[in-house]
J.: 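The structure under discussion is supplied below as structure tokens; questions concerning it will follow.
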Amino acid sequence: MYDNLNEKQKEAVCHTEGPLLILAGAGSGKTRVLTHRAAYLIEEKGVNPYHIMAITFTNKAAGEMRERIDSLVDYGAESIWVSTFHAACARILRRYIDRIGFETNFTIYDADDQKQLMKDVCKRLEIDTKIHKERYFLNAISHAKDELIDVAAYYQNAGADYHQQQIARVYDEYQKMLQKNNALDFDDLLMKTVELFQKDREVLEGYQERLRYLMVDEYQDTNTAQFAFIRMLASKYENLCVVGDDDQSIYKFRGANIRNILNFEQYFPNAAVIKLEQNYRSTQNILDAANSVIANNLGRKEKALWTENARGNKIFFRQFAEAYEEAEYVARDIKEKVRNGQYGYRDCAVLYRTNAQSRLFEERFITSDIPYKIVGGVNFYARKEIKDLLAYLKTIDNARDDLAVQRIINIPKRGIGATTIARVQDYANMQGMSFYNALRNAQEIPAVGRAAAKIESFVTFIRAMRTKAELIPLSDLLKELIEQTGYVAALEAEGTDEARARIENIEELQSKVAAYEMDEEQPTLSGFLEEVALVADVDSLDENSDYVVLMTLHSAKGLEFPQVYLAGMEDGLFPSYLSITSDQAEEEIEEERRLAYVGITRAMQNLSITCAKQRMVRGEAQYNRVSRFVKEIPPALMSQSASEPVKMREQKVQAFWRAKEAFHAKPFAGSYQPVSDTVFDFGAAGGAADISGTSGADVEAQRGKLGYGTGDRVVHQKFGEGVVTKIAAGGRDYEVTVQFDTAGVRKMFAVFAKLKRI
DNA sequence: TTAAGTTAAGTTTTT
DNA sequence: CTTAACTTAA
């Protein structure tokens, strides 16, 4: 089993005791080393797999590692703890966070939630967000957390600097709000775990005792907090094996501390260092290109990547006149390679610097009938419909999450508007209670008045769902939720392409819930929400399906493809304009260069580098030169060809839209109501009556107030005569639906409609 | 109270 | 070019 490892790899596998730094160049088989090392520990050293932990960067990498260990080891692989930093911390905190002032059913806030909360914070502190946006403060806070700087330390560091003090105050308030909502943001997961370890020796020692053998993948991208986490865990047994490549460090902007790898031997003076320099992935040409690019960076750990692989094809390079021609070329090239059987779609990847670049390729791939998958961009779980449903689940799970409650209190429309919410919030602040608890006392809030009844039915609904959550499986709960709120029904009624896409997403969510229930021995609502909060888009990549993958260079790290297209290699795009013009341009360009290195080394057999003289950025034409990184590749390694003549653009654009329409216009199951001027009315569908319906007594009250009721014939001064089909209470007014003789079905508010019974 | 309509602002990269 | 934030009509 260990015979197909080279000498260095073997050495790394067998070095099991004490700190070990493996400097693993791109494609040098580091995953193979890690998996074999785990197998070796279990099979040869008799280590209980329960004592082994492997930390990876993405869930996908974690899954892959577990699978590969599983195929090497007879049994026990499933007891190894393979996880990402964030997932590991979340799991630890779920057990012990009550020791540092949170409840164990805390929710995890994503970027959207953070921004929402920060908006609140700024309002409270009367900070003008026109000067500094929410993101500005969030970035400052995030960086502080990466460096384990807490609020007190931030105040201290600020000294007399007014601006820093202001950030400290924002940080302070932000943390208080999080605590009040029993919520953590991504960075808190790390920081709170470290805090827990510091404050509670018992917990730390428990984990130290359990996790005697630690392995960390992609070590070059760890930040200070992550390093503190590992160091604390490892400090007892010191069996810490880290694998990394300083040349592939590309997350400085996220706090990655390159010193963690450069100074590893100083932190652990008895550390062994092993270099893996033989590359098994790429052709000689590709490797030479990568090496000559990265050679332009200073301050690297010295290493020379080599391969026994054949020289291979030259690297293709071409500059196009316009960005759409670049996309067209890539599409055509992929088609051709697939047609002559050279590659499948799954063998091809298009890599670019920014997510915005994906659009042109997407358009082109649709017209060319190329199956593709875009990784990144808007996260599945960040979509409105998904967030809405998740907010319901969160509300059911953790009523202290004010953000979640406020998100869905008026979805579907319950006539609880901004004004009412603000009044309840005021009351909650005054009483020092959570928003949801204030809702439960709605009758006692004088300012709320009539809306109290609606709030009450909302609370009753949540309470009922909460009871059900204990009794029925998660998938049934979600189904119930969708039916009771009429969420999908309302989308069906909309009948637009967009609504159909949303329904598909909801179905996708339902299958994710089902999959979670299948995988997990003890599925819980909290568990599902946590899993959902911590998935990255790359995690969903599936090697078994045949599609071209499009993604940013950052997402591509750790992956490999036979055919790689590096697109948009232009100065100003890659390296980015921001890095070129930065105060620390040299440093930032070095990071971009490492990114280029990552990109080049993803390619196994063929690499195509493309760029365009002109492209549209934010609706404006931008003219870029060929990227400096391309010029760092020796010309002898490249083949160039002249640009193709410019073709008629108009035709192509039109063809794209036709194709896109055809692509999305699938038949749609469900009732389609051609209702014009539709008010988004969930009440019309499903069992929503118990939350927004009208009782029999109300009907009489309506008839009295309005002078007409359902079934009556009425006249409208513009629409003429018609029959009232429905009257729904909404806000302080009634929403009346009328089937007009000539003007079709209309919905309108009674005060404006001025209908008269005839 | 809602939704359509208008205007302003903004883009690296992500667990 | 898209998305969020505001205005206004019903």
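Below, each value reflects all heavy atoms present in this structure, side chains not excepted, and no hydrogens, waters or symmetry copies. Quick note on labels: first sequence line is chain A, next is B, and so on, each numbered from 1.
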J.: Taking atom types as modelled, find out whether D187(A) and S142(A) have a side-chain donor-acceptor pair closer than 3.5 angstrom.
T.: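 The answer is yes; a qualifying pair exists.
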J.: Would you mind classifying the nucleic acid contact of K252(A) as base, sugar-phosphate or nothing, using non-hydrogen atoms under 4.0 angstrom?
T.: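 Since no nucleic acid heavy atom lies under 4.0 Å of K252(A), the category is nothing.
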J.: Between the side chains of S555(A) and T552(A), is a donor N or O closer than 3.5 angstrom to an acceptor N or O?
T.: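 Side chains of S555(A) and T552(A): pair found under 3.5 Å.
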J.: Does N59(A) have a side-chain nitrogen or oxygen under 4.0 Å from the phosphate oxygens OP1 or OP2 of dT15(B)?
T.: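 For dT15(B), neither OP1 nor OP2 has a side-chain N or O of N59(A) closer than 4.0 Å.
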J.: Starting from P on dT12(B), measure out to CZ on R135(A) and report it in whole angstrom.
T.: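 Rounded to whole Å, this separation is 11 Å.
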J.: Testing the 3.5 Å rule here: is there a donor-acceptor pair between the side chains of E385(A) and N505(A)?
T.: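 Yes, side-chain donor-acceptor contact under 3.5 Å.
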J.: Reckon N410(A) has a side-chain N or O less than 4.0 Å from the OP1 or OP2 of dT2(B)?
T.: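 It does, given that an N or O in the side chain of N410(A) lies less than 4.0 Å from OP1 or OP2 of dT2(B).
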J.: T420(A) side chain N/O closer than 4.0 Å to the phosphate oxygens (OP1, OP2) of dT1(B)?
T.: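 Yes, within the criterion.
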J.: Does either side chain, that of Y174(A) or that of Q114(A), offer a donor lying less than 3.5 Å from an acceptor on the other one?
T.: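 Yes, Q114(A) and Y174(A) have a side-chain donor paired with an acceptor closer than 3.5 Å.
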J.: For dT12(B), which nucleotide in any strand shown is its Watson-Crick or wobble partner with both distances under 3.5 Å?
T.: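 None - no nucleotide pairs with dT12(B), as no candidate has both distances under 3.5 Å.
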J.: How close or far is atom P of dT13(B) from atom CD of Q357(A), stated in whole angstroms?
T.: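 Rounded to the whole Å, the gap is 9 Å.
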J.: Among dT14(B), dA5(C), dT12(B), which is the nearest nucleotide to the side chain of K115(A)?
T.: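 Given the options dT14(B), dA5(C), dT12(B), the side chain of K115(A) is closest to dA5(C).
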J.: Picking from dT14(B), dT15(B), dT12(B), which would you name as closest to the side chain of H554(A)?
T.: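 Output: dT14(B).
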J.: In whole angstroms, how far is the P atom of dT12(B) from the CD1 atom of I250(A)?
T.: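 It is 17 Å, rounded to the nearest whole Å.
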J.: Identify, between F85(A) and R353(A), the residue whose nearest nucleotide on DNA chain B lies closer to the 5' end.
T.: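 By nearest-heavy-atom nucleotide position, the 5'-most residue is R353(A).
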J.: Roughly, in whole Å, what's the span from CZ in R359(A) to P in dT3(C)?
T.: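 Atom CZ in R359(A) sits about 10 Å away from atom P in dT3(C).
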J.: Whole-Å distance between dT13(B) P and I589(A) CD1?
T.: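 Rounded to the whole Å, the gap is 18 Å.
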J.: Go ahead and name the base partner of dA10(C); Watson-Crick or wobble counts if both distances stay under 3.5 Å, otherwise write none.
T.: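 Answer to the pairing question: dT1(B), which forms a Watson-Crick or G-U pair with dA10(C).
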J.: Between dA4(C) and dT13(B), how far apart are the two P atoms, rounded to whole Å?
T.: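 Here dA4(C) and dT13(B) have their P atoms 15 Å from each other.
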J.: So, Q175(A) versus K145(A): side-chain donor-acceptor pair below 3.5 Å or not?
T.: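 Yes, K145(A) and Q175(A) have a side-chain donor paired with an acceptor closer than 3.5 Å.
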J.: Rounded to whole Å, please give me the gap between OH in Y352(A) and P in dT12(B).
T.: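 After rounding, the reported distance stands at 16 Å.
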J.: Please give, in whole Å, the distance from dT14(B) P to Q220(A) CD?
T.: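 Going from CD in Q220(A) over to P in dT14(B) covers 16 Å.
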J.: Between dA5(C) and dT12(B), how many Å separate the two C1' atoms, rounded to a whole number?
T.: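 Result for the C1' pair: 24 Å, nearest Å.
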J.: So, do F253(A) and dT14(B) meet the stacking rule of ring centres under 5.5 Å and planes under 30°?
T.: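 No, F253(A) does not stack on the base of dT14(B).
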J.: Looking at K119(A), I'd like to know whether one of its side-chain N or O atoms comes within less than 4.0 Å of OP1 or OP2 on dA4(C).
T.: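 Answer no for this pair, as no side-chain N or O of K119(A) is under 4.0 Å from OP1 or OP2.
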J.: Between dT14(B) atom P and L190(A) atom CG, what is the distance in whole Å?
T.: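 Those two atoms, CG and P, are 18 Å apart.
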J.: From the set dG10(B), dT13(B), dT14(B), return the single nucleotide nearest to any side-chain atom of R254(A).
T.: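 Shortest atom-to-atom distance from the side chain points to dT14(B).
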J.: May I ask you to verify if any side-chain N or O of S576(A) is less than 4.0 angstrom from the OP1 or OP2 atom of dT13(B)?
T.: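 Checking S576(A) against dT13(B): no side-chain N or O falls below 4.0 Å of OP1 or OP2.
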J.: Is R94(A) paired with E530(A) through a side-chain N to carboxylate O contact shorter than 4.0 Å?
T.: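 Counted as a salt bridge, because a side-chain N and a carboxylate O are separated by less than 4.0 Å.
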J.: Want to settle it: does F57(A) or E588(A) sit nearer the 5' end of DNA chain B, counting the closest nucleotide to each?
T.: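 Nearest-nucleotide comparison on DNA chain B picks E588(A).
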J.: Is any side-chain N or O of T552(A) closer than 4.0 Å to OP1 or OP2 of dT14(B)?
T.: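 Affirmative; the distance criterion is met.
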